[in-house]
Amino acid sequence: MLFKSLSVAVVLSLATSVLSHYTFPALLVNGVNTGDWVNVRRTNNFNSNAPVTDVRSQDFRCYNTQTNARASTATVSAGSTIGFQANQAVYHPGVINVYMAKAPNGDAASFDGSGNVWFKVYQMTATANGQTITFPSSSLTSVNFQIPRNLPSGQYLVRIEQIALHSASSFGGAQFYISCAQINVTNGGNGTPGPLVAIPGVYTGNEPGILLNIYYPIPQTYIQPGPAVWSG
Ligand SMILES: *[C@@H]1O[C@H](CO)[C@@H](O)[C@H](O)[C@H]1NC(C)=O
C-alpha cells in the first residue's frame, strides 16, 4: 500500500515536471513556424523537457551533447524577424536572452560554437518597481526578435535561453531552457557585433540575476545577466 502510493507520487511528480518544463523546438521566420527540430538542433531534453542547471557544462551551449544533432540552415534577410516557438507555454517566472555566433568557416552546420564568438541580440528582462517584480516572458508560447540590419551576411548559430528563477535562491538552482538554430543571413550590413563572449564561460552562476530569491524579500531591482544587447 505504502509502496503503491509512493509509485503514484513518483509518477505524478515526473508528470508534473514534464508539464512544467519546456523546450524551444522550432524556428519562426517572419512568424512562420519551420517545424520542430528542422532548423533547431534537437536538444537532449526533447522528451524530458528538463533544464540545464550547470552554466559551466558543455550542454550549456546548445544542449545537444547526447543527440549530437545538427539542423538544416534557414536563409533569412538581415532586418527580418525570427524567433523560437516553445512546445508549451513558458511556465516558470524568468528572463530570456538570445545570442548569435558567426560560423568562422561560413558553415553553421559544422560549427560547434566554441570560442569567444557569441553576442547578444535580444533580451526580455524582469521589471521591478520596489513593490513587485514581474516577468514578461511568463506564459509566452513564442519569442520573436529582429536580426540587426547591420549584421554581416553569413551563417550563424542563434541560441535562446530562458532562465527560470523560481528556485534560483541557491547556487545552481536557476534552470536554463536552451535551443540553438542555424541561419544563413543574406542582405547583411557592415556592423561589428559585440561584446563577444564564450558559452559556456559567459556566466559563473553567481550573477545577481541568476543567484537570487525572487519571492522574499522581493528584489528592488533586477540585473539581466550577460553582455549588453548589440542592436547594430
Ligand atoms: C545562403 O544564402 C546564399 C545567398 O542567397 C545562398 O547562395 C546559399 O546557398 C545559402 N546557403 C544555405 C546553406 O542555405
Side-chain angles (χ1 to χ4, degrees), residues 22-43 61-64 69-90 94-113 115-125 136-163 176-197 199 202 224-232:
Y22 31 93
T23 59
F24 293 98
L27 182 72
L28 299 164
V29 177
N30 296 313
V32 177
N33 184 318
T34 65
D36 286 0
W37 314 118
V38 174
N39 298 125
V40 175
R41 294 179 176 181
R42 184 183 291 274
T43 47
R61 187 181 300 148
C62 288
Y63 205 176
N64 64 341
R70 295 293 187 263
S72 12
T73 303
T75 295
V76 294
S77 275
S80 60
T81 296
I82 63 168
F84 287 87
Q85 177 78 45
N87 67 339
Q88 57 194 341
V90 166
V95 299
I96 289 172
N97 289 313
V98 179
Y99 291 88
M100 290 181 69
K102 191 166 199 265
N105 63 354
D107 179 36
S110 60
F111 182 36
D112 68 359
N116 252 32
V117 291
W118 297 90
F119 52 95
K120 197 193 275 185
V121 288
Y122 178 76
Q123 65 185 26
M124 186 179 284
T125 190
S137 70
S138 292
S139 305
L140 288 182
T141 52
S142 63
V143 179
N144 286 283
F145 50 91
Q146 194 185 29
I147 300 175
R149 280 181 201 287
N150 258 347
L151 187 71
S153 295
Q155 297 197 10
Y156 291 83
L157 297 179
V158 189
R159 173 186 173 279
I160 188 171
E161 63 183 16
Q162 196 256 350
I163 313 177
F176 293 78
Y177 294 90
I178 294 167
S179 273
C180 289
Q182 297 170 202
I183 64 170
N184 178 28
V185 174
T186 58
N187 305 311
N190 296 312
T192 307
L196 298 176
V197 296
I199 300 177
V202 60
Q224 183 80 3
V229 169
W230 185 76
S231 52

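- With hydrogens and angles disregarded, no donor-acceptor distance shorter than 3.5 Å links the side chain of Q85 to the backbone of P25.
- Looking only at side-chain heavy atoms (C-beta outward), Q123 and V95 stay at 4.5 Å or farther from each other.
- The structure places CD1 of I147 at 4.0 Å from CD1 of I183, a figure rounded to the nearest 0.5 Å.
- Here Y156 pairs with nothing under the ring-ring contact (aromatic ring centres under 6.0 Å, His included) rule; sequence neighbours left out.
- In this structure, V90 and F24 have side chains that are in contact, with non-hydrogen atoms separated by less than 4.5 Å.
- Proximity of K102 to L151: side-chain heavy atoms (C-beta onward) are nowhere separated by under 4.5 Å.
- Annotation: side chain of V202 is in contact with side chain of P227 (closest heavy-atom distance under 4.5 Å).
- Contact annotation: the side chain of V143 never approaches that of Q162 to less than 4.5 Å [non-hydrogen atoms, C-beta and beyond].
- P136 meets the side-chain contact (heavy atoms from CB on, under 4.5 Å) test with M124, T127; sequence neighbours excluded.
- Shown here are the salt bridge (Lys or Arg N to Asp or Glu O under 4.0 Å) partners of R41, two or more places apart in sequence or in another chain: there are none.
- For residues 139-161, the pairs satisfying salt bridge (charged side-chain N to carboxylate O under 4.0 Å, His left out) are R159-E161, with sequence neighbours left out.
- The two residues L27 and V40 have their closest heavy-atom pair at N-CG2, 3.6 Å.
- Taking both residues in full, the closest heavy atoms of A89 and Y22 are given as O-CD2, 4.2 Å, listed atom of the first, atom of the second, then distance.
- The backbone N or O of I96 lies less than 3.5 Å from no partner atom in the side chain of S137, so there is not a single donor-acceptor pair.
- Not one N or O on the side chain of W230 forms a donor-acceptor pair closer than 3.5 Å with the backbone of L196.
- Taking the side chain as every heavy atom from C-beta outward, S110 and N105 approach each other to under 4.5 Å.
- Residues L157 and W118 form a side-chain contact, since some pair of their non-hydrogen atoms from C-beta on lies under 4.5 Å apart.
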Show me the donor-acceptor pairs, under 3.5 Å and distance only, between side chains in residues 71-84 and residues at least two apart or in other chains.
unit_1: S72; atom_1: OG; unit_2: V38; atom_2: O; d: 3.2
unit_1: T73; atom_1: OG1; unit_2: Q182; atom_2: NE2; d: 3.0
unit_1: T75; atom_1: OG1; unit_2: N184; atom_2: ND2; d: 2.9
unit_1: S77; atom_1: OG; unit_2: N187; atom_2: ND2; d: 2.8
unit_1: S80; atom_1: OG; unit_2: S77; atom_2: O; d: 2.5

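- Under the 3.5 Å distance criterion, the side-chain polar atoms of N150 are left unmatched by any main-chain donor or acceptor of G191.
- For residues 27-39, the pairs satisfying side-chain hydrogen bond (donor to acceptor under 3.5 Å, both in side chains) are T34-N39, with sequence neighbours left out.
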